[in-house]
Amino acid sequence: MDVNRRTVLQAGGLVVVGGVVVACGSSSSADGSAAASSPAAPASSAAPETSAAGSSTPAAQGIASVSDVPVGGGLVIDDPAVVITQPTEGDFKAFTAICTHQGCLVSSVEGNEILCPCHGSRFSATDGSVIQGPATMPLQPAGIAVEGGSVILT
Ligand code: FES
């Protein structure tokens with residue numbers, strides 16, 4: 001995030017420097033038609049560098065080993081905030097690990113129920129639905145795939 005901001009600031013600095021060059025070139029020479037086209041090229045070439053640095057998101061991310069997710073239980077990961085469950089052997093599910101009541105990170109999965117430690121909400125490890133409040137909204141599903149013994153966030 002900081003690198004991206006720095007990159008943007010540096011790119012912005014280049015644009016400003018280019019703008020100053022344009023201003024100087026047009027005021028010093030009477031025929032500024034050729035000078036006006038050349039500073040436009042560096043400004044447009046700096047923009048793709050900034051956008052390329054900001055769009056470096058991986059397509060898929062391995063977040064756990066299958067062996068870390070017990071049958072009837074689950075695994076809570078805090079970054080990214082995802083809870084992976086295995087309601088029945090070989091059937092993996094994943095949900096956001098942020099409780100829909102007031103935003104606590106869920107703590108564990110026991111007996112196919114996802115538990116929130118803050119106020120006691122319980123969610124189904126099968127579909128994320130509310131089993132016990134105070135939460136009223138289900139946990140949102142997260143996209144996963146199992147590849148080569150790893151759980152991949154898609
Ligand atoms: Fe989870 Fe309140 S934040 S039950």
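Below, all heavy atoms of this structure are taken into account, side chains as well, without hydrogens, waters or symmetry copies. All ligand and atom numbering here is 1-based and tracks the order in the structure.
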**Asked** Among protein heavy atoms, which lies nearest atom 3 (S) of ligand 1, and at what distance?
**Response** Q102 N, 3.2 Å
**Message:** Between T154 and I144, is there a side-chain heavy-atom distance shorter than 4.5 Å?
**Reply:** no
**Message:** Same cluster or not: I63 versus V76, using hydrophobic residues (I, L, V, M, F, W, Y) connected whenever any side-chain heavy atoms lie under 4.5 Å apart?
**Reply:** no
**Asked** atom 2 (Fe) of ligand 1 to C104: any N/O/S contact under 2.8 Å?
**Response** no
**Which N, O or S atom of H101 lies nearest to atom 2 (Fe) of ligand 1, by name** = ND1
**Asked** Quick one: which ligand 1 atoms are inside 4.0 Å of a heavy atom on C116?
**Response** 1 (Fe), 3 (S), 4 (S)
**Asked** How close do S121 and G133 get, heavy atom to heavy atom, and via which atoms?
**Response** OG-C, 3.4 Å
**Asked** Which residue and non-hydrogen atom of the protein lie closest to atom 4 (S) of ligand 1, and at what distance in Å?
**Response** S121 OG, 3.1 Å
**Message:** Restricting to non-hydrogen atoms, name the atom on L153 and the atom on P80 that form the minimum distance, rounded to 0.1 Å.
**Reply:** CD2-CG, 3.7 Å
**Request:** Write the atom name of the N, O or S atom in H119 that is nearest atom 2 (Fe) of ligand 1.
**Result:** ND1
**Request:** Kindly say whether G90 contributes a backbone atom to a donor-acceptor pair with the side chain of Q86 at under 3.5 angstrom?
**Result:** yes
